[in-house]
Amino acid sequence: MQPYTDIIISTITKFLPKGEAEWELVGFINKKKEIYTFGSDSKIIGRLFEVIAFDALEKSAKELGFLLHESDQQTVYPDFYFEKPDGRKIAIDIKTTYRRSKTAKYGFTGGSFTSFMRNGTKNIVGKYSDYDGHYILGVVYTRENEMSKGKISLKDVETIIPAYKNIEVFVQEKFRICGDKKGSGNTDNIGTIKANSIEPFVFGAGPFSFLGEDVFHDYWVNHPRYTDSITTKASLYNDIPSYIKWIQKKDNKRASELQSQYDEYLKFYDSMVQKEWIK
């Protein structure tokens with residue numbers, strides 16, 4: 001399997017900051033030229049990465065002949081989107097996470113599977129059917145334990161130790177990095193694959209890269225919701241093997257095809273383990 005890329009991925013990647021120093025923000029400044037460090041709050045850091053990425057997205061839109069828009073509501077999908085000349089849209093969500101240790105796996109959330117994916121209009125700009133593509137711009141970082149705190153004069157800006165370090169970034173189609181598990185047990189959010197390194201995300205090495213985007217959509221729009229009854233949950237599935245069995249009840253030939261595709265993914269997963277991308 002080769003890393004998946006397309007004109008959207010390659011263009012955004014080209015314009016994203018390359019050096020860590022370009023991702024390095026140290027605080028908020030007032031007109032008195034005083035800098036207030038922002039600490040390790042992940043929500044603040046995530047928003048700062050959105051601010052940094054905006055320039056790359058703006059340049060990408062211009063090169064591609066699109067218009068760039070930002071959602072005016074934080075709870076509405078997506079964070080940003082390109083608008084094509086024909087009015088069609090391409091969603092770009094910015095996701096961030098931090099490494100909890102050198103060996104711990106990390107992942108992201110792929111958004112809700114009970115809102116716009118099911119009814120087409122809930123919590124989304126426009127309609128779900130308006131979109132030709134869905135991408136995630138992911139940022140991974142390490143928290144800095146010795147970060148600077150408090151108020152610091154602008155003349156001492158070089159002494160400030162940022163709240164994060166070791167930044168890695170990728171852009172990939174959403175369905176290619178999403179897994180078959182929820183982001184957490186008590187929500188209805190899609191979880192991505194988890195890994196010790198960024199390579200599987202760069203590759204787009206999730207199971208639905210092998211099964212296809214249509215299967216990704218079918219899997220998640222029929223996946224049991226957190227509020228569903230025990231009976232309903234038992235009648236459905238909670239992973240790809242049980243999804244294939246669910247399909248088998250309706251279409252044995254299709255289930256066989258999916259099983260073959262999933263077996264190919266499992267072989268590739270083993271190769272990622274051998275490369276120590278996943279431990």
Can you tell me if [atom1] on [X] sees more than 12 non-hydrogen neighbours from other groups inside 6.0 Å?
{"X": "K18", "atom1": "NZ", "result": "yes"}
{"X": "K127", "atom1": "NZ", "result": "no"}
{"X": "K250", "atom1": "NZ", "result": "yes"}
{"X": "K62", "atom1": "NZ", "result": "no"}

V157 vs I152, side chain to side chain contact (heavy atoms under 4.5 Å, CB included): CA-CA, chis, key distance, verdict: CA-CA 7 Å; V157 64; I152 299 172; over 6 Å; no
Find out if a path of hydrophobic residues (ILVMFWY) with successive side-chain heavy-atom gaps under 4.5 Å connects [X] to [Y].
{"X": "I190", "Y": "Y243", "result": "yes"}
{"X": "L68", "Y": "V171", "result": "yes"}
{"X": "V202", "Y": "Y269", "result": "no"}
{"X": "I7", "Y": "Y135", "result": "yes"}
{"X": "Y4", "Y": "I136", "result": "no"}

Between [X] and [Y], is the ring centroid distance below 6.0 Å?
{"X": "Y219", "Y": "Y237", "answer": "yes"}
{"X": "F170", "Y": "F108", "answer": "yes"}
{"X": "F208", "Y": "F175", "answer": "no"}

Is there a donor-acceptor pair closer than 3.5 Å between any side-chain N or O of [X] and the backbone N or O of [Y]?
{"X": "S256", "Y": "N252", "value": "no"}
{"X": "T11", "Y": "S60", "value": "no"}
{"X": "N189", "Y": "G183", "value": "no"}
{"X": "K122", "Y": "M117", "value": "no"}
{"X": "T13", "Y": "S10", "value": "no"}
{"X": "R176", "Y": "G206", "value": "no"}
{"X": "S148", "Y": "I161", "value": "yes"}
{"X": "S235", "Y": "T232", "value": "yes"}
{"X": "N196", "Y": "T103", "value": "yes"}
{"X": "W23", "Y": "I52", "value": "no"}

Distance alone, cut at 3.5 Å: any donor-acceptor contact between the side chains of D180 and Y262?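 No, because no side-chain N or O of D180 sits under 3.5 Å from a partner of the opposite role on Y262.
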In terms of side-chain heavy atoms, does S112 have a donor or acceptor partner in T114 at a distance below 3.5 Å?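 Yes, a side-chain donor-acceptor pair sits under 3.5 Å.
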Walk me through it: do K84 and D132 pass the test side chain to side chain contact (heavy atoms under 4.5 Å, CB included)? CA-CA 10 Å; K84 297 181 176 182; D132 288 336; 3.0 Å; yes
Could you check if a side-chain atom of [X] sits within less than 4.5 angstrom of a side-chain atom of [Y], using non-hydrogen atoms only?
{"X": "W246", "Y": "N222", "result": "yes"}
{"X": "E83", "Y": "F66", "result": "no"}
{"X": "D239", "Y": "K181", "result": "yes"}
{"X": "F210", "Y": "I240", "result": "no"}
{"X": "F38", "Y": "L48", "result": "yes"}
{"X": "M272", "Y": "F203", "result": "no"}
{"X": "Y226", "Y": "K182", "result": "yes"}
{"X": "I12", "Y": "L57", "result": "yes"}

Can you tell which of [options] makes a side chain to side chain contact (heavy atoms under 4.5 Å, CB included) with [X]?
{"X": "L16", "options": "V139, D55, L137", "value": "L137"}
{"X": "I193", "options": "P207, S209, C178", "value": "P207"}
{"X": "Y81", "options": "I90, V125, I92", "value": "V125"}

Residue set satisfying side-chain contact (heavy atoms from CB on, under 4.5 Å) with K194, at least two apart, ordered chain then number -> K105
[atom1] of [X] to [atom2] of [Y]: how many Å apart, nearest 0.5 Å?
{"X": "L154", "Y": "I29", "atom1": "CG", "atom2": "CD1", "answer": "4.5 Å"}
{"X": "T192", "Y": "F201", "atom1": "OG1", "atom2": "CZ", "answer": "4.5 Å"}
{"X": "R47", "Y": "E50", "atom1": "CZ", "atom2": "CD", "answer": "5.0 Å"}
{"X": "W220", "Y": "F113", "atom1": "CH2", "atom2": "CZ", "answer": "5.5 Å"}
{"X": "T121", "Y": "Y128", "atom1": "OG1", "atom2": "OH", "answer": "13.0 Å"}
{"X": "I244", "Y": "Q259", "atom1": "CD1", "atom2": "CD", "answer": "4.0 Å"}

Considering only NZ, NE, NH1 and NH2 on the basic side and carboxylate oxygens on the acidic side, decide whether D263 and K267 come within less than 4.0 Å.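 A salt bridge is absent here (no side-chain N lies under 4.0 Å from a carboxylate O).
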Cationic N near anionic O, under 4.0 Å, K174 to D93: no
Pairwise side chain to side chain donor-acceptor pair (under 3.5 Å) hits with a residue in residues 156-167, at least two apart: E144-K165
Would you check, one step at a time, whether the test side chain to side chain contact (heavy atoms under 4.5 Å, CB included) holds for I198 with Y106? CA-CA 9 Å; I198 202 168; Y106 55 79; 3.8 Å; yes
Might you point out which heavy atoms bring [X] and [Y] nearest each other, and give the distance in Å?
{"X": "D6", "Y": "I8", "answer": "OD1-N, 3.1 Å"}
{"X": "N238", "Y": "S242", "answer": "N-OG, 3.1 Å"}
{"X": "A255", "Y": "I247", "answer": "N-CG2, 4.0 Å"}
{"X": "E24", "Y": "P162", "answer": "CG-CG, 3.3 Å"}

Flag this pair as yes if the NZ/CZ of R143 is under 6.0 angstrom from the six-membered ring centre of Y141 and inside a 45 degree cone about the axis; otherwise no. no
Given E63 and K14, is the side chain to side chain contact (heavy atoms under 4.5 Å, CB included) satisfied, shown in steps? CA-CA 11 Å; E63 179 160 311; K14 178 174 68 174; 2.6 Å; yes
